[in-house]
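This report concerns only the one structure given below.
Residue indices begin at 1 and follow the sequence shown. In what follows, every heavy atom counts, from backbone to side chain, and hydrogens, waters and symmetry copies are set aside.
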Amino acid sequence: MSIIRFIKNWTLPVAIAVGSLVYLIFYWVPQLDTVGNIMGPVIDAVFPMAVFLTLFSTFCRVDFHQMKPHRWHVGVLVAQMLLVAINCWIVFLVDAVPEQKILWESVLTCIIGPTASASPVVTGKLGGNINTMTAFVVISSLTSAVMIPAVFPLLEHTAHVDFWSAFAIILEKVAIVLVLPLILGWLVQHYAKRLCQWIVSIPDLSFYLWSVSLCITSGVTVRNIVHSQATLTLLVMIAVLSLILCFVQFLVGRGIGRHLGEEINSGQALFQKNTALSIWVAYMYLNPVASVGAGCYVLWQNIINSLELWEYRRKNLDK
């Protein structure tokens, strides 16, 4: 297998490895500090641009007439709320043990967060319905915008953000990342059809743009882990529990979708999370160490996505 073919088949793990390795090189080699200081602002500017272009190129393919509520939307939301309730109950039980509380709060950030804005990208690669997935991303974002400021002050009474302020901040973040490219995609479909056709004609454009974002996210995740003040034992426990949660949400989502007719979409909707928002939630409401859970989760979910894509390619080659 050629290197190019290997990178094409395993784009997400390669992006994770490159992002992690590049950060570690800059961390271990002090002579690169000057270059790192120069590149920092550049990466900060490239990341939101890559996310925006990823979603814009995806939404150019969406059939907006098909963006309607479906039964599986309700099933996934109910499952998410049940998982949030169970996790909150565990947090209350271990409230007197600081490390245990941080551990389970880190898990909660990975449950309560909305579905990843870029989830339609992977869903489309897996043969799922990007129209219903896009509709669910909007619904999920609004649901999390209500749940997050309602739930976390009950767990951490020192939280300094009230319900409406947090609600507004989350909606602002969602609007910039999700709503703006959605509107632009609709406008291009209707008023710049040649541009839309050109964008749609480029194979896997949104997927490779997403891999750029993932590369940057992986580097940031490794940085947060390296500079964390938590003990090694706690970090390992957070990493293991976030991996277990990944499989739990994936399997529960798939199970719901199997009964309601959208197995691929339902699985992606419940387990693929907007970890950037989850990390913000951890810093805003909880102990910053809890953000490591969302950081680990983004690595696990994209490794699982890679295995899904490999399995999908294998099945299609066998046909």
Side-chain angles (χ1 to χ4, degrees), residues 1-58 110 116-126 177 202-228 235-236 238-240 242-243 246 268 271-279 291-314:
M1 181 186 292
S2 67
I3 295 177
I4 294 177
R5 185 180 175 188
F6 176 82
I7 293 174
K8 184 177 179 180
N9 288 343
W10 298 97
T11 303
L12 299 184
V14 169
I16 291 172
V18 170
S20 302
L21 183 60
V22 168
Y23 172 75
L24 289 174
I25 289 174
F26 276 87
Y27 177 74
W28 284 327
V29 182
Q31 291 81 358
L32 295 176
D33 285 349
T34 303
V35 178
N37 293 333
I38 295 173
M39 292 301 297
V42 175
I43 292 173
D44 290 341
V46 169
F47 179 69
M49 189 181 302
V51 174
F52 182 91
L53 292 175
T54 298
L55 298 178
F56 169 62
S57 60
T58 300
C110 303
S117 300
S119 58
V121 176
V122 178
T123 300
K125 287 280 288 182
L126 292 170
V177 175
I202 302 175
D204 297 327
L205 174 62
S206 55
F207 182 70
Y208 292 119
L209 285 170
W210 170 241
S211 70
V212 174
S213 305
L214 177 60
C215 184
I216 296 172
T217 302
S218 301
V220 172
T221 297
V222 173
R223 181 194 66 188
N224 290 342
I225 293 172
V226 168
H227 291 283
S228 173
L235 290 176
V236 171
I238 289 174
V240 171
S242 64
L243 175 60
C246 236
Q268 295 301 123
F271 112 97
Q272 195 169 339
K273 295 294 184 178
N274 185 335
T275 51
L277 186 59
S278 296
I279 290 171
S291 66
V292 174
C296 293
Y297 193 93
V298 72
L299 303 181
W300 300 136
Q301 76 179 9
N302 282 287
I303 290 171
I304 292 175
N305 279 334
S306 298
L307 295 173
E308 283 188 284
L309 291 168
W310 171 79
E311 178 66 12
Y312 182 75
R313 286 194 305 269
R314 187 185 66 80

Kindly compute the distance separating CZ (Phe47) from CZ (Phe52), expressed to the nearest 0.5 Å. 14.0 Å

From Cys110 atom SG to Gln301 atom CD, the distance as rounded to the nearest 0.5 Å: 8.5 Å

Taking the inter-plane angle between the rings of Phe271 and Tyr297 on a 0 to 90° scale, is it parallel (under 30°), tilted (30 to 60°) or perpendicular (over 60°)? tilted

State whether the side chain of Asp204 and the backbone N or O of Phe207 hold a donor-acceptor pair below 3.5 Å, judged by distance alone. no

Spacing of Leu205 atom CG and Phe56 atom CZ [to the nearest 0.5 Å]: 9.5 Å

On a heavy-atom basis, the closest approach of Val222 and Ser20 is CG2-OG, 3.4 Å

What one should report as the nearest heavy-atom pair of Thr123 and Ser119 is OG1-O, 2.8 Å

Return yes if some donor-acceptor pair links the side-chain N/O of Ser57 with the main-chain N/O of Thr54 below 3.5 Å, else return no. yes

Atom pair OG/CD of Ser306 and Glu311 - distance to nearest 0.5 Å: 13.5 Å

Roughly how far, to the nearest 0.5 Å, is the CG atom of Leu12 from the CG atom of Leu299? 11.5 Å

Looking only at heavy atoms, which two atoms of Ile279 and Ala294 are closest? And how far apart? CG1-CB, 3.6 Å

Closer than 3.5 angstrom, by distance alone: can the side chain of Trp300 be matched with the main-chain N or O of Ala239 as a donor-acceptor pair? yes

Carefully, step by step, assess Asn274 and Ser117 under the rule side chain to side chain contact (heavy atoms under 4.5 Å, CB included). CA-CA 7 Å; Asn274 185 335; Ser117 300; 3.9 Å; yes

So which atom in Ala118 and which in Trp210 form the shortest heavy-atom distance, rounded to 0.1 Å? CB-CE3, 3.7 Å

Would you name the heavy atoms of Ala50 and Val212 that are closest together and state the gap between them? CB-CG1, 4.2 Å

Using a 4.5 Å cut-off on heavy atoms from C-beta on, say whether the side chain of Phe26 contacts that of Arg223. no

When Ser218 is tested against each of Thr221, Leu214, Val220 for side chain to side chain contact (heavy atoms under 4.5 Å, CB included), which residue passes? Leu214

Would you say the side chain of Asn305 lies within less than 4.5 Å of the side chain of Gln268, judging by non-hydrogen atoms? yes

To the nearest 0.5 Å, how far apart are CG in Leu235 and CD1 in Ile225? 7.0 Å

As a test of understanding, state which of Leu53, Leu55, Thr58 forms a side chain to side chain contact (heavy atoms under 4.5 Å, CB included) with Ser206. Thr58

